[in-house]
Amino acid sequence: VFPLKSLSILITSGITPKSGGDAYTENKELGIPFVRSGNIDINGDLNFNELLYIKPEIHNTIMKSSQVKPNDLMIAIVGATIGQVGIYLDKRDANINQAIALVRLKDGNDIHYIKEVIKSSIGQLSLNRLKRPVARANINLEEISTILVPLPPLVKQHKIASHIYTIRQRAKTLQEEGKAIVENAKKEIEQMKNEIGKMQTLQASLILNKDSMKELVVDPIVKKLDEIHNDTKVINDIKTDTEIIKKRTRNIRKDTKNI
């Protein structure tokens with residue numbers, strides 16, 4: 001078992017340039033990734049789309065001592081993400097703020113194994129004992145250097161790290177599949193809600209159109225039928241009057257003949 005300091009050639013942290021100041025740039029191609037403690041997720045991965053970027057001249061001058069190189073270990077030492085551990089695997093340079101401890105290991109050690117030791121329940125217990133229970137929990141660099149690391153032969157380190165990596169990848173795949181299932185379920189629910197909404201709109205339309213149909217179709221038909229009925233009554237009255245006239249005419253003719 002060795003303290004982390006004896007396995008490292010560098011343990012340092014960075015600074016935070018003034019928020020919104022001239023040290024930052026929106027040019028992700030020319031800018032230098034600026035890693036903060038909140039950028040290290042539970043798996044130790046970095047999302048470069050969520051990073052801030054600083055100008056190269058800042059990276060190479062006032063923040064030169066905290067430059068991050070590929071395979072550097074990064075440990076969150078301040079705030080809610082304290083204890084998160086990641087490995088910087090990108091080829092381009094990066095930099096860190098004061099909430100991250102940068103650990104650059106000596107040759108002959110498996111960086112992935114060291115990371116998993118610190119992420120393990122024993123490693124996290126050690127960090128919990130070190131951090132100060134203040135408003136914003138923190139651990140200093142000297143305390144980070146005292147973390148004890150059990151160190152088996154390098155071949156064994158590789159084997160342990162590889163085994164844990166396989167388990168984590170399997171868990172990550174299951175997590176992504178779970179997210180996909182949830183997203184598909186959300187889409188199906190939204191589709192069902194849309195269909196229900198259409199049916200409700202149609203139902204409301206039919207209810208509203210009921211009166212309109214009565215006014216536009218039924219009422220005119222009823223009115224026309226009433227008119228036809230009235231016309232028929234008039235015609236019948238005319239027929240009746242005509243028959244009366246005919247009858248009277250016949251009677252008159254008979255009376256005329258008798259005269």
Side-chain angles (χ1 to χ4, degrees), residues 2-26 28 31-56 58-90 92-105 109 111-149 168:
F2 299 87
L4 189 58
K5 182 179 181 179
S6 68
L7 306 177
S8 310
I9 58 175
L10 176 67
I11 297 179
T12 188
S13 64
I15 60 173
T16 298
K18 183 180 179 181
S19 180
D22 292 337
Y24 298 94
T25 177
E26 293 183 0
K28 296 182 180 181
I32 305 297
F34 181 54
V35 185
R36 297 163 296 167
S37 60
N39 299 135
I40 305 174
D41 69 16
I42 193 170
N43 296 315
D45 296 327
L46 296 178
N47 184 344
F48 281 84
N49 292 324
E50 296 179 354
L51 297 181
L52 294 178
Y53 290 79
I54 58 174
K55 294 177 179 178
I58 300 298
H59 173 70
N60 291 317
T61 54
I62 63 173
M63 297 184 69
K64 187 174 182 179
S65 63
S66 56
Q67 291 181 353
V68 183
K69 305 295 183 182
N71 289 318
D72 279 349
L73 194 67
M74 298 178 295
I75 307 172
I77 57 174
V78 178
T81 58
I82 194 167
Q84 298 283 56
V85 189
I87 301 173
Y88 190 73
L89 298 174
D90 202 79
R92 52 183 166 168
D93 284 357
N95 218 301
I96 55 173
N97 69 354
Q98 72 275 14
I100 290 181
L102 181 153
V103 180
R104 190 167 297 153
L105 295 179
N109 297 299
I111 184 66
H112 297 280
Y113 168 78
I114 304 296
K115 169 195 168 186
E116 295 303 337
V117 169
I118 298 173
K119 280 182 65 68
S120 70
S121 57
I122 295 176
Q124 292 297 300
L125 181 61
S126 298
L127 291 174
N128 284 331
R129 287 177 177 172
L130 291 172
K131 70 181 180 183
R132 298 169 188 79
V134 292
R136 197 175 185 210
N138 63 86
I139 305 170
N140 63 40
L141 296 180
E142 185 176 346
E143 290 165 338
I144 286 293
S145 69
T146 66
I147 294 175
L148 297 178
V149 179
R168 290 195 188 281

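Everything numeric in this text was worked out from a predicted model, so none of it was measured. Worth knowing before you read on, the calculation uses all heavy atoms, side chains too, and leaves out hydrogens, waters and symmetry mates. Counting from 1, the numbers follow the sequence of the chain as shown.
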J.: Check whether any side-chain heavy atom of Leu127 lies under 4.5 Å from a side-chain heavy atom of Ile82, and answer yes or no.
T.: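 Counting from C-beta outward, Leu127 and Ile82 never come under 4.5 Å.
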
J.: Considering all heavy atoms of both residues, which atom of Tyr24 and which atom of Pro17 are nearest to each other, and what is their separation?
T.: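 Result for this residue pair: OH-O, 2.9 Å.
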
J.: So, do Ile114 and Leu105 sit near enough that their side-chain heavy atoms are less than 4.5 Å apart?
T.: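 Yes, side chains in contact.
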
J.: Where is the tightest heavy-atom contact between Leu141 and Ala101, given as atom of each residue plus distance?
T.: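 Shortest heavy-atom contact: CD2-CB, 3.7 Å.
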
J.: If you count the non-hydrogen atoms of other residues, nucleotides and ligands that lie under 6.0 Å from CG in Leu148, is the total more than 12?
T.: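 It does: Leu148 CG has more than 12 such atoms within range.
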
J.: Not counting sequence neighbours, which residues clear side-chain contact (heavy atoms from CB on, under 4.5 Å) with Gln67? List them please.
T.: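 Once residues adjacent in sequence are excluded, the partners of Gln67 under the side-chain contact (heavy atoms from CB on, under 4.5 Å) criterion are His59, Asn60, Lys64, Lys69, Asn95.
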
J.: Could you list the residues that satisfy side-chain hydrogen bond (donor to acceptor under 3.5 Å, both in side chains) with Asp41, not counting sequence neighbours?
T.: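 Asp41 satisfies side-chain hydrogen bond (donor to acceptor under 3.5 Å, both in side chains) with no other residue.
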
J.: Give the minimum heavy-atom separation between Val149 and Tyr113, together with the two atoms involved.
T.: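 Nearest pair, atom of Val149 first, then Tyr113: CG1-CE2, 4.4 Å.
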
J.: Hey, what do you get for OG (Ser145) to CG (Leu7), rounding to the nearest 0.5 Å?
T.: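 Reported value, rounded in 0.5 Å steps: 11.0 Å.
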
J.: What residues, two or more places apart in sequence or in another chain, satisfy side-chain contact (heavy atoms from CB on, under 4.5 Å) together with Ile87?
T.: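 Per chain and number, Ile87 pairs via side-chain contact (heavy atoms from CB on, under 4.5 Å) with Asn71, Leu73, Leu89, Ile111, His112, Lys115.
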
J.: Could you tell me if the side chain of Ser66 sits less than 4.5 Å from the side chain of Leu102, heavy atoms only?
T.: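 Side chain of Leu102 against side chain of Ser66, heavy atoms only: no contact under 4.5 Å found.
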
J.: Within a strict 4.5 Å, meaning less than it, do heavy atoms of the Ile32 and Met63 side chains meet?
T.: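 No, every pair of side-chain atoms sits at 4.5 Å or beyond.
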
J.: What heavy-atom pair brings Ile75 and Val103 nearest, and what distance separates the two atoms?
T.: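 Scanning both residues completely, I find the closest heavy atoms to be CD1-CG2, 4.1 Å.
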
J.: If you look at every heavy atom in Ser8 and Leu4, which pair is closest and at what distance?
T.: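 Shortest heavy-atom contact: OG-O, 2.8 Å.
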
J.: So, using side-chain contact (heavy atoms from CB on, under 4.5 Å) as the criterion, who are the partners of Ser37 when residues are at least two apart?
T.: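 Applying side-chain contact (heavy atoms from CB on, under 4.5 Å) to Ser37 gives Ala76, Thr81, Ala99, Ile100.
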
J.: State the OG-CG distance between Ser65 and Leu10, to the nearest 0.5 angstrom.
T.: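 It is 8.5 Å, given to the nearest 0.5 Å.
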
J.: Which residues pass the side-chain hydrogen bond (donor to acceptor under 3.5 Å, both in side chains) test with Gln124, not counting sequence neighbours?
T.: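 Listed in chain order: nothing, the list is empty.
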
J.: Partners of Asn97 by side-chain hydrogen bond (donor to acceptor under 3.5 Å, both in side chains), sequence neighbours excluded?
T.: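 Asn97 satisfies side-chain hydrogen bond (donor to acceptor under 3.5 Å, both in side chains) with no residue once adjacent residues are dropped.
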
J.: Indicate yes or no for a side-chain donor-acceptor contact from Gln98 to the backbone of Ser13 under 3.5 Å, with no hydrogens or angles considered.
T.: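 Answer holds: no.
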
J.: Are Arg36 and Leu52 close enough that some pair of their side-chain heavy atoms sits under 4.5 Å apart?
T.: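 Side-chain contact under 4.5 Å: yes.
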
J.: So Leu130 and Ile147, side-chain contact (heavy atoms from CB on, under 4.5 Å) or not? Walk me through it.
T.: CA-CA 9 Å; Leu130 291 172; Ile147 294 175; 4.2 Å; yes

J.: Any idea which heavy atoms bring Tyr88 and Leu46 closest together, and the distance?
T.: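 Looks like CD1-CD1, 3.8 Å.
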
